[in-house]
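All heavy atoms count here, side chains included; hydrogens, waters and symmetry mates do not.
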Amino acid sequence: MGCPEVLLRCTMHCHRALFKRGLPRCSSMYRQLQPDLQTYHSLPPVPNKCYYHQLQAWRRPFHVAATCRSREVEFTSLQYDVQRLAFASVTKEDLKFFEHLLPGRVVTDPDVLEASNVDWMRTLRGHSQTLLRPRTTEEISQILRYCYNRNLAVNPQGGNTGLVGGSVPVFDEIIVSTAQMNNIISFNKNAGVLICQAGCILENLNNYLTEQDFIMPLDLGSKGSCHIGGNVATNAGGLRLLRYGSLRGTVLGLEVVLADGTVLNCLTSLRKDNTGYDLKQLFIGSEGTLGIITAVSILCPRKPASVNVVLLGCDGFDKVLDIFKESKGMLGEILSAFEFMDYGCRELVSEHLKLTNPLREAPFYVLIETSGSNSDHDQEKLSRFVEKVMSSGLVTDGTIATEENKIKALWALRECVAEALVHDGYTYKYDISLPLEKIYDIVLDMRSRLGKRAKCVVGYGHLGDGNLHLNVVSQAQDQQLLNNIEPYLYEWTAQYCGSISAEHGLGFKKKDLIYFSKPRVAVQIMQQMKAILDPKGILNPYKTLPSSTQ
């Protein structure tokens with residue numbers, strides 16, 4: 001294959017990958033919108049519906065985007081000077097066993113493996129030489145039983161959309177992908193309980209449920225690529241947490257394969273079961289270090305009959321907090337999302353993605369979504385709310401969207417911030433939670449601290465959850481800039497009893513920062529739990545917890 005053909009194929013894959021991934025597809029979907037939000041035409045149609053019980057055609061193509069540039073990424077072990085633990089290396093005999101167990105589903109081609117070795121941010125790179133694609137829980141059980149006996153390290157991998165390096169190997173760990181475990185097992189309409197394999201893509205599940213008049217309880221920017229098993233393993237938050245709560249509440253049961261191959265079947269669909277310890281909670285947020293999640297039972301809410309979105313502009317963060325208080329009082333049970341972003345975010349989205357702001361310029365923007373069962377009732381409540389916050393001087397400008405295409409256009413202004421930041425330069429991303437009154441203080445503090453060395457410092461996030469996404473952009477990777485950010489940011493967050501990772505997890509990048517958010521006794525108990533469930537430490541090593549010597 002000649003160079004032009006390779007480049008063409010790579011370009012086509014990248015375009016397809018960006019379209020199918022949640023956030024990056026924003027530019028391709030919304031750039032065609034007209035300047036005035038009130039005159040937008042219908043958005044391009046979503047991909048054709050597929051048969052959800054056989055989702056092979058929807059297997060995640062997103063890795064290919066990383067393939068195109070992964071040659072630039074230095075090995076993680078060299079960047080961070082990590083010492084390989086005393087695990088065995090894969091031999092020809094090991095490959096024979098895997099080939100017999102998974103005929104045609106063992107990948108050793110370096111070009112194919114490259115995509116699974118590199119994280120989405122293209123900052124980390126492992127050098128695994130083996131990728132396994134099981135389809136059943138029993139196959140994963142046999143894989144882990146074999147690896148446990150051989151002392152082979154394993155790296156579980158779902159959609160590989162994480163931002164802290166939890167889903168890619170550090171050395172030559174065997175990658176166990178759940179991509180082909182993508183079947184829906186059952187859906188009970190009476191109870192609203194979905195049971196599915198861990199490799200189902202979040203957006204596919206939501207599309208399937210929509211046809212049943214239900215929705216998934218979580219919504220993420222990466223929904224077109226991420227797997228439900230990975231969502232649970234990282235305890236993903238997202239845009240619907242304010243309304244439906246976290247996965248610790250909506251996940252009813254799990255099926256998990258432990259390090260030695262034991263299958264733990266806690267796949268209950270009961271909402272109430274007060275018999276003994278709730279073992280599933282051990283694996284929610286454990287990032288694949290305690291077991292590999294193979295199936296999920298999750299409680300799904302009914303699809304709201306009425307959805308409205310309002311975008312508001314205001315001239316101070318104190319006004320943002322006042323608007324939030326008013327929204328909780330006046331919108332009550334129909335309030336489903338409360339997002340904010342500063343002027344810098346809006347400017348980046350406009351500059352790089354050409355999305356037009358329907359409001360007058362303002363230092364802050366608030367996006368509020370309501371979801372209910374009666375459109376007249378919901379719109380009346382929303383109109384009264386908007387009238388009050390505007391007449392009281394909390395808001396300088398605002399617009400309400402009740403039609404689907406206009407709702408999507410307003411959401412694009414918020415959801416596409418992450419993509420716009422990628423276009424602006426090298427981005428240092430931080431996901432923290434703080435008391436509401438302190439959330440924006442750190443953005444102002446960081447701007448003052450970094451000065452002109454940073455190209456820009458912006459903040460946005462889920463205000464309803466106390467979750468800030470702080471982003472610092474520079475022209476290129478800058479170690480001195482990073483030294484000015486860390487550990488100052490973490491010390492600042494700890495000072496106000498915040499969390500250094502609100503929803504992204506710890507993974508590889510933040511495992512040693514856990515002490516900023518957890519006392520040493522708590523970390524010691526976590527390490528003891530790890531030692532009990534995975535005494536050889538083969539599951540996702542080098543991740544989530546610091547070494548026991550620290």
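- Side chain to side chain, N207 and E203 fail the donor-acceptor criterion of an N or O pair below 3.5 Å.
- Looking at heavy atoms from C-beta onward, L299 lies in side-chain contact with V193 at the 4.5 angstrom threshold.
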Hey, mind stepping through F214 and Y208 against ring-ring contact (aromatic ring centres under 6.0 Å, His included) and telling me if it holds? CA-CA 9 Å; F214 285 78; Y208 168 81; over 10 Å; no

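- Listed here is the closest heavy atom pair of T161 and S222: OG1-OG, 3.8 Å.
- Here the straight-line distance linking atom CD1 of I293 with atom CZ of F283 works out to 8.0 Å at 0.5 Å rounding.
- K455 places a side-chain heavy atom less than 4.5 Å from the side chain of D424.
- To the nearest 0.5 Å, atom CE of residue M216 and atom SG of residue C200 are 9.0 Å apart.
- Panel note: side chain T76, backbone V170; no donor-acceptor pair is recorded below 3.5 Å.
- K223 and E415 are joined by a salt bridge, as a carboxylate oxygen and a charged side-chain nitrogen come within less than 4.0 angstrom of each other.
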Evaluate the criterion salt bridge (Lys or Arg N to Asp or Glu O under 4.0 Å) for residue pair E339 and R414; output intermediate values, then yes/no. CA-CA 8 Å; E339 304 286 307; R414 160 61 183 86; 2.9 Å; yes

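- Remark: side-chain polar atoms of T130 are not paired, donor with acceptor, to backbone N or O of I174 under 3.5 angstrom.
- When atom types are taken as modelled, the side chain of R125 and the backbone of V73 share a donor-acceptor pair closer than 3.5 angstrom.
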Residues Q180, R135; criterion side-chain hydrogen bond (donor to acceptor under 3.5 Å, both in side chains); working and verdict: CA-CA 5 Å; Q180 294 194 15; R135 292 175 180 162; 2.7 Å; yes

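- Checking each of T234, N235, T544 against E287 for a side chain to side chain donor-acceptor pair (under 3.5 Å) leaves exactly one that passes, namely T544.
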Stepwise salt bridge (Lys or Arg N to Asp or Glu O under 4.0 Å) test for E99 and R105: CA-CA 7 Å; E99 284 286 2; R105 289 177 283 137; over 6 Å; no

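- Counting heavy atoms from C-beta outward, L290 and L258 have side chains that stay 4.5 Å or more apart.
- In the model, K429 has a side-chain atom that pairs as donor or acceptor with a side-chain atom of N471 under 3.5 Å.
- Looking only at atom types and distance, the side chain of Q495 has no donor-acceptor partner in the side chain of E491 under 3.5 Å away.
- The two residues S141 and G261 make their nearest non-hydrogen contact at OG-O, 2.5 Å.
- Side chains of N206 and D219: no donor on one and acceptor on the other come within 3.5 Å.
- Considering CG of N540 and NZ of K530, their distance stands at 7.5 Å, rounded to 0.5 Å.
- A donor-acceptor pair is defined here as one N or O able to donate and one able to accept, closer than 3.5 Å; such a pair exists between the side chain of T289 and the backbone of S286.
- Residues C266 and V256 form no side-chain contact, since every pair of their non-hydrogen atoms from C-beta on lies 4.5 Å or further apart.
- Not a single donor-acceptor pair under 3.5 Å links the side chain of R133 to the backbone N or O of V107.
- Remark: side-chain polar atoms of T136 are paired, donor with acceptor, to backbone N or O of E139 under 3.5 angstrom.
- Shortest non-hydrogen contact noted between G162 and W120 is O-CB, 4.3 Å.
- Annotation for I514 and P546: closest pair CG2-CD, 3.7 Å, computed over non-hydrogen atoms.
- The CG atom of N182 sits 9.5 Å away from the CG atom of L205 when rounded to the nearest 0.5 Å.
- The minimum heavy-atom distance linking C226 with L220 is given by the pair SG-CD1, 4.0 Å.
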Which atom pairs, one a donor and one an acceptor, fall under 3.5 Å between side chains of residues 499-506 and the rest of the protein, sequence neighbours left out?
{"unit_1": "S499", "atom_1": "OG", "unit_2": "S501", "atom_2": "N", "d": "3.2"}
{"unit_1": "S499", "atom_1": "OG", "unit_2": "S501", "atom_2": "O", "d": "3.0"}
{"unit_1": "S501", "atom_1": "OG", "unit_2": "G505", "atom_2": "N", "d": "2.9"}
{"unit_1": "S501", "atom_1": "OG", "unit_2": "G505", "atom_2": "O", "d": "2.5"}
{"unit_1": "E503", "atom_1": "OE1", "unit_2": "G238", "atom_2": "N", "d": "3.0"}
{"unit_1": "E503", "atom_1": "OE2", "unit_2": "H462", "atom_2": "NE2", "d": "3.1"}
{"unit_1": "E503", "atom_1": "OE2", "unit_2": "H469", "atom_2": "NE2", "d": "3.1"}

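- Between the side chain of Q197 and the backbone N or O of I185 there is no donor-acceptor pair closer than 3.5 Å.
- From Y148, atom OH reaches atom CG of D260 across 6.0 Å, with rounding to the nearest 0.5 Å.
- With 3.5 Å as the limit, one finds a donor-acceptor pair spanning the side chains of S167 and N160.
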If you apply the rule side-chain contact (heavy atoms from CB on, under 4.5 Å), what do you find for V106 with L131, and how did you get there? CA-CA 6 Å; V106 177; L131 168 66; over 6 Å; no

Pair Q524, Q528 - check side-chain hydrogen bond (donor to acceptor under 3.5 Å, both in side chains), show working. CA-CA 6 Å; Q524 289 170 0; Q528 291 167 6; 5.5 Å; no

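- Counting heavy atoms from C-beta on, the side chains of D278 and K280 come closer than 4.5 Å.
- Remark: side-chain polar atoms of Y428 are not paired, donor with acceptor, to backbone N or O of S474 under 3.5 angstrom.
- Between the CG atom in N484 and the CD atom in Q480 there is a gap of 6.0 Å [rounded to 0.5 Å].
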Determine, step by step, whether V176 and Q157 satisfy the side-chain contact (heavy atoms from CB on, under 4.5 Å) criterion, reporting the C-alpha distance in whole Å, the side-chain angles of both residues, the deciding distance to 0.1 Å, and the verdict. CA-CA 6 Å; V176 177; Q157 189 173 91; over 6 Å; no

Give the intermediate values and the outcome of side-chain hydrogen bond (donor to acceptor under 3.5 Å, both in side chains) for residues N117 and S128. CA-CA 7 Å; N117 270 311; S128 175; 4.7 Å; no

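- By the 4.5 Å heavy-atom criterion applied to side chains, C196 and N183 are not counted as neighbours.
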Checking ring-ring contact (aromatic ring centres under 6.0 Å, His included) for the pair F75/F171: CA distance, chi angles, key distance, verdict? CA-CA 8 Å; F75 285 122; F171 290 97; 9.5 Å; no

Report the C-alpha separation of Y430 and E486 in whole Å, then their side-chain angles, then the decisive distance to 0.1 Å, and conclude whether the side-chain hydrogen bond (donor to acceptor under 3.5 Å, both in side chains) test is met. CA-CA 10 Å; Y430 298 94; E486 303 176 15; 2.6 Å; yes

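- Annotation for G537 and F87: closest pair O-CZ, 3.2 Å, computed over non-hydrogen atoms.
- Counting only distance, with no hydrogens or angles, the side chain of D119 and the backbone of T123 share a donor-acceptor pair below 3.5 Å.
- Within the 4.5 Å cutoff, the side chain of C147 has no heavy atoms near those of the F97 side chain.
- T427 places a side-chain N or O within 3.5 Å of a backbone atom of L421 that can act as its donor or acceptor partner.
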Would you check, one step at a time, whether the test salt bridge (Lys or Arg N to Asp or Glu O under 4.0 Å) holds for E93 with K96? CA-CA 5 Å; E93 291 301 316; K96 286 181 181 179; 3.6 Å; yes

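- Put simply, the side chain of L267 reaches to within 4.5 Å of the side chain of I195, judged on heavy atoms.
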